[in-house]
Amino acid sequence: MSILVLAEHDGQHLRKSTRQAITAAMAWNAPVHVLVCGNNIDEIADEVRHINGVNLVLHASAPHLAHPLAEDVASIIVKLSGNHTAIIAAHTPFSRNILPRAAAILDVGMISDAIEIKEPRIYVRSIYAGNILATVQSEDILQIVTFRAINFKAADRSESITAPIEPVRVPEPFNRSRFISEEHHASDRPELTSARIVVSGGRPLGEKFEALLTPLANKMNAALGATRAAVDAGFAPNEWQVGSTGSVVAPDLYLAVGISGAIQHLAGMKDSKVIVAINHDPDAPIFKVADFGLVADLFEAVPELTHTLNHV
Amino acid sequence: MKALVAIKRALDYNIVPRILHDGTDVDIAGAKMSINPLDEIALEEALRLKEKNRIQEIIVASIGTSSAQDVLRHGLAMGADRAILIQTDKQPDQLGVAKLLNALVSREKPDIVLLGKQSIDEEACQTGQMLAALMNAPQGTFASKISLDGNEISVTRETEGGTETLALTLPAVLTADLRLNEPRFVKLPNLMMAKRKLVETLSASDLGINLSVHVKRLKVSQPSIRPAGIKVGSIEELVSKLNASGVLHP
Ligand SMILES: Cc1cc2nc3c(=O)[nH]c(=O)nc-3n(C[C@H](O)[C@H](O)[C@H](O)COP(=O)(O)OP(=O)(O)OC[C@H]3O[C@@H](n4cnc5c(N)ncnc54)[C@H](O)[C@@H]3O)c2cc1C
Ligand SMILES: Nc1ncnc2c1ncn2[C@@H]1O[C@H](COP(=O)(O)O)[C@@H](O)[C@H]1O
């Protein structure tokens, strides 16, 4: 019996979170099979076959999978489920849309966003916006789990490994859901969830959000992040949101600018290695988690920081 | 057209949770409880569709102990037409909730089922997708915009790097993202009036569901707390600390 990992890609590249999920899969000490779904994605299947720990690539290719719908991917997973002890993925918007659907069809309970495997079928996950850790046990024989990617090191690629690729017969499309369009914010900056440095801003940045933070982020080769309040007000796009209802990040450096430090925001960044906060309120809760806090007006401090970094 | 909205009673988002002495669960005795914020957004969306005459009836449903009546009354006060409590002695796991809601769907036959994208206590982000599977219905999760057009609903939803728009044939299941709308404020007279309205109470067996546990909570604990840091006096000092810590340049 083997472990099935649902791969995630953007049509061009495999996402790093898939390699982190592959590391999580190794805990089972069983063969790791990776399911890649899409249309014309030979290159991605080829990328997966060279990842450490992968024993088999299951390649599901069909025109209707060009924009894969949860309904269709779940039915592929259900079809493949018989040969597997566990079906897992990283806890990303893609996978958390699909895996619960597959789980319910299979009458299996699901564990979301696990940060650790304690023993077979026992996991630790964080609840209540990161304030509580829960140890949970799955009572099912088949395990369906999403993992918090940042808690697992990404499995390496190695040319010496070449797992076989096996085509999967794709079931008929579910025809009551249709893809219409998608909108991507093209950006050449590092991806928020895998960047080494994140520069994140809150509500007070206002209309100056990008004008102030982009030069600083450029200097540090950082991804941009934001609070819910900044996103709600339209100062930053939704996919920058860090927190319990956004992305969870753990970069080497997280720079929080004009962010109060609400628990829902902390839930998304408090495992960063070094946290810096710039806030003019010395009592702002963000300072409780900051390694280095600077009490200052951000409209002065950010340009000065950008400028100083020029000279180091 | 008819909408069913699933609303959960959860610890209020402003309250820091405490743990029971025996470490088995979070201590909610006496703590402020509220409607899960994302479910309030789901209900708000249904109310807006009703105000535009796109749907005629809104049912709110909650699963839990009899105390879940208060969030149902909150739902009635916001403008829901009927409220149903599926009473259980403890909170079922997500698959259990989905099965109970599915049984309610078979009884009520709603055209649209709305849920929150996740509960703020459990943060599972599963129930809507599970329900859609059990109904064999299309799913539009993490929705930030919806529009109803005849027998189809178009849903703009959150993806990894942006959004996508799907068209779903009704009946369909939607789960609300925070961005979907800003819920209305509930007026006091409406709350008073809702106190007198009927909340229908059903049990799992009334719905023909035999609940089994799939995910069991063994214990809860406090995560380790970050050691307190220091305040720096200037940008220069900050930059020299960062240089010393080695995080600026790998
Ligand atoms: C269900 C739910 C889910 C949520 N999920 C998330 C989430 O995932 N992510 C998230 O971020 N939030 C989330 N929130 C919102 C969260 O509770 C806070 O409201 C939000 O994080 C506050 O954002 P903020 O810090 O930008 O704004 P504010 O709370 O307004 O804080 C601004 C801070 O900037 C400081 N400041 C103001 N002006 C200056 C200046 N000139 N110079 C320096 N400092 C200044 C202030 O002192 C203050 O501390 C959620 C809320 C709910 C109810
Ligand atoms: N006990 C419950 N009663 C009513 N609705 C619920 C319950 N549990 C979960 N839900 C719904 O399912 C959504 C997702 O919850 P979860 O899968 O636990 O994150 C919530 O936002 C609610 O809309």
Side-chain angles (χ1 to χ4, degrees), chain A residues 70-71 74 92-94 96-97 100-101 103-105 108-113 126-140 176-185 196 220 228 238-239 244-245 252-253 270 273-274 276 289-295 301 304-305 308-309 312, chain B residues 11 13 16-17 19 26 93-95 98 118 120-126 129-130 132-134 138-139 141-142 144 154 158-169 178-179 213-223 226 228-232 235-236 238-239 241 243 245 247-248 250:
Chain A
E71 293 84 343
T92 57
F94 174 76
R96 62 184 178 237
N97 188 29
R101 188 170 178 110
I105 296 170
V108 169
M110 177 176 158
I111 316 284
S112 284
D113 205 15
S126 105
I127 56 176
Y128 288 89
N131 280 294
I132 305 280
L133 294 177
T135 305
V136 296
Q137 179 171 331
S138 157
E139 306 282 53
D140 289 299
R176 283 172 289 139
S177 298
R178 244 174 341 116
F179 170 84
I180 305 283
S181 62
E182 68 185 326
E183 197 184 323
H184 270 284
H185 292 268
R196 221 178 52 75
M220 301 200 282
R228 178 75 234 164
N238 186 63
E239 56 273 17
S244 60
T245 48
D252 287 354
L253 174 60
K270 68 180 163 47
K273 205 186 267 171
V274 174
V276 171
V289 300
D291 299 278
F292 305 119
L294 179 69
V295 180
E304 192 186 335
L305 177 59
T308 310
L309 288 172
V312 291
Chain B
L11 188 69
Y13 79 98
V16 178
I19 287 175
V26 170
D93 55 30
Q94 278 67 28
L95 187 56
Q118 77 188 29
I120 60 163
D121 47 5
E122 292 277 323
E123 299 188 311
C125 191
Q126 297 176 1
Q129 299 87 308
M130 288 181 159
L134 300 177
Q139 68 186 53
T141 54
F142 327 146
S144 55
S154 100
E158 170 196 31
T159 60
E160 190 77 21
T163 59
E164 69 178 6
T165 302
L166 308 178
L168 313 178
T169 307
L178 274 182
R179 285 192 292 170
V213 177
H214 288 266
V215 180
K216 195 163 88 188
R217 180 174 294 175
L218 300 179
K219 64 166 191 166
V220 294
S221 61
Q222 217 93 49
R226 272 184 96 90
I230 56 159
K231 292 244 168 74
V232 292
I235 291 286
E236 242 163 66
L238 175 61
V239 171
K241 293 278 187 217
N243 277 328
S245 69
V247 289
L248 284 182

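These values consider heavy atoms only, across backbone and side chains, with no hydrogens, waters or symmetry-generated copies. Given the structure is predicted, the values throughout are model-derived calculations rather than measurements. Chain letters run A, B, ... following the sequence lines, proteins first and then strands; every chain starts at 1.
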A.B. asks: State, to 0.1 Å, how close A/Tyr128 and B/Glu123 come at their nearest heavy-atom pair, and which atoms those are.
C.D. replies: N-OE1, 3.7 Å
A.B. asks: Picking from B/Ala132, B/Cys125, B/Gly161, B/Gly229, which has the most non-hydrogen pairs under 4.5 angstrom with chain A?
C.D. replies: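 Most pairs with chain A among the choices: B/Gly161.
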A.B. asks: A/Ala129, A/Ala103, A/Ser126, A/Pro100: which one forms the most heavy-atom pairs within less than 4.5 Å of chain B?
C.D. replies: A/Pro100
A.B. asks: Could you tell me which portion of A/Asp291 (side chain, backbone, both or neither) has an atom closer than 4.5 angstrom to a non-hydrogen atom of chain B?
C.D. replies: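 Both parts, heavy atoms under 4.5 Å.
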A.B. asks: Can you give me the closest heavy-atom contact between A/Leu294 and B/Val232, atom names plus distance?
C.D. replies: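 Closest heavy-atom pair between A/Leu294 and B/Val232: CD1-O, 3.4 Å.
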A.B. asks: Determine the option with the most heavy-atom pairs under 4.5 angstrom with chain B, choosing from A/Val274, A/Thr245, A/Ile105, A/Thr92.
C.D. replies: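 Highest number of pairs under 4.5 Å: A/Thr245.
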A.B. asks: Between A/Ala290 and chain B, with a heavy-atom cut-off of 4.5 Å, which part of the residue counts as in contact: side chain, backbone, both or neither?
C.D. replies: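 Only the backbone of A/Ala290 comes within 4.5 Å of chain B.
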A.B. asks: Would one find more than 12 heavy atoms of other residues, nucleotides or ligands at under 6.0 Å from atom CD of A/Glu139?
C.D. replies: yes
A.B. asks: What is the minimum heavy-atom distance between A/Pro93 and B/Phe142, and which atoms define it?
C.D. replies: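 Reported closest heavy-atom pair: O-CE1, 3.5 Å.
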A.B. asks: Just checking, is any N or O donor in the side chain of B/Gln126 or A/Ser112 under 3.5 Å from an acceptor N or O on the other one?
C.D. replies: yes
A.B. asks: Checking side-chain contact (heavy atoms from CB on, under 4.5 Å) for the pair A/Met110/B/Gln94: CA distance, chi angles, key distance, verdict?
C.D. replies: CA-CA 8 Å; A/Met110 177 176 158; B/Gln94 278 67 28; over 6 Å; no
A.B. asks: Roughly how far, to the nearest 0.5 Å, is the CD1 atom of A/Ile132 from the CG atom of B/Leu11?
C.D. replies: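 Spacing of CG (B/Leu11) from CD1 (A/Ile132) equals 9.0 Å.
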A.B. asks: Below 4.5 Å from any heavy atom of chain A, which atoms of B/Ala98 appear? Answer side chain, backbone, both or neither.
C.D. replies: neither
A.B. asks: Using a 4.5 angstrom heavy-atom cutoff, name the option from B/Val16, B/Ile235, B/Leu178 with the most pairs to chain A.
C.D. replies: B/Ile235
A.B. asks: As an exercise, state the distance from OG of A/Ser138 to CG of B/Asp93, rounded to the nearest 0.5 Å.
C.D. replies: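 Result: 10.0 Å between the selected atoms.
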A.B. asks: At a 4.5 Å cut-off on heavy atoms, which part of B/Ile120 comes close to chain A: side chain, backbone, both, or neither?
C.D. replies: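 When you check distances to chain A, only backbone atoms of B/Ile120 fall under 4.5 Å.
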A.B. asks: Under 4.5 Å, counting heavy-atom pairs only, tell me which of A/Val276, A/Leu305, A/Leu133 racks up the most with chain B.
C.D. replies: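 Among the listed options, the one with the most contacts to chain B is A/Leu133.
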A.B. asks: Counting heavy-atom pairs under 4.5 Å to chain B, which of A/Glu239, A/Glu71, A/Arg176 comes out on top?
C.D. replies: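 That would be A/Arg176.
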A.B. asks: Is it the backbone or the side chain of A/Gln137 that comes under 4.5 Å from a heavy atom of chain B, or both, or neither?
C.D. replies: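 For A/Gln137, heavy atoms of backbone and side chain both lie under 4.5 Å from chain B.
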A.B. asks: Please determine, among B/Glu158, B/Glu164, B/Gln222, the option with the most heavy-atom pairs under 4.5 Å with chain A.
C.D. replies: B/Glu164
A.B. asks: To the nearest 0.5 angstrom, please state how far the CD atom of A/Glu182 sits from the CG atom of B/Leu166.
C.D. replies: 10.5 Å
A.B. asks: Between B/Val220, B/Thr165, B/Val26, who has the most heavy-atom pairs with chain A when the cutoff is under 4.5 Å?
C.D. replies: B/Thr165
A.B. asks: Return the option, out of A/Ser181, A/Ser244, A/Ala301, A/Gly109, with the maximum number of heavy-atom pairs under 4.5 Å with chain B.
C.D. replies: A/Ser181
A.B. asks: Distance check, rounded to the nearest 0.5 Å: A/Asn238 atom CG versus B/Arg179 atom CZ?
C.D. replies: 3.0 Å
A.B. asks: Would A/Ile127 and B/Arg217 count as a side-chain contact (heavy atoms from CB on, under 4.5 Å) if you check the C-alpha gap in whole Å, the side-chain angles of each, and the deciding distance to 0.1 Å?
C.D. replies: CA-CA 12 Å; A/Ile127 56 176; B/Arg217 180 174 294 175; 3.6 Å; yes
A.B. asks: As an exercise: rank A/Asp113, A/Leu253, A/Val295 by heavy-atom pairs under 4.5 Å with chain B and give me the winner.
C.D. replies: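 Most heavy-atom pairs within the cutoff with chain B belong to A/Leu253.
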A.B. asks: B/Val215 versus chain A, heavy atoms under 4.5 Å apart: side chain, backbone, both or neither?
C.D. replies: both
A.B. asks: For residues A/Arg101 and B/Ala133, report the shortest heavy-atom separation together with the two atoms involved.
C.D. replies: O-CB, 3.4 Å
A.B. asks: Do B/Gln129 and A/Asn97 come close enough that some side-chain heavy atom pair is under 4.5 Å?
C.D. replies: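 A side-chain contact under 4.5 Å exists here.
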A.B. asks: In terms of heavy-atom pairs under 4.5 Å, which option from B/Leu134, B/Ile230, B/Ile19, B/Val213 contacts chain A the most?
C.D. replies: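 Looking at each option in turn, the highest pair count goes to B/Ile230.
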A.B. asks: Indicate the atoms forming the closest heavy-atom contact of A/Lys270 with B/Arg226, along with that distance.
C.D. replies: O-NH1, 2.7 Å
A.B. asks: Please report the interatomic distance CG(B/Leu248) to CE(A/Met220), rounded to the nearest 0.5 Å.
C.D. replies: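 So the gap between those two atoms works out to 7.0 Å.
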A.B. asks: How close do B/Pro223 and A/Asn131 get, heavy atom to heavy atom, and via which atoms?
C.D. replies: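 Closest approach of B/Pro223 to A/Asn131, heavy atoms only: CD-O, 3.1 Å.
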A.B. asks: Between B/Gln139 and A/Ser177, is there a side-chain heavy-atom distance shorter than 4.5 Å?
C.D. replies: no
A.B. asks: How far does OG1 of B/Thr159 sit from CD of A/Glu183, to the nearest 0.5 angstrom?
C.D. replies: 9.5 Å
A.B. asks: Who wins among B/Ala228, B/Ser221, B/Gly162 for the most heavy-atom pairs under 4.5 Å with chain A?
C.D. replies: B/Ser221
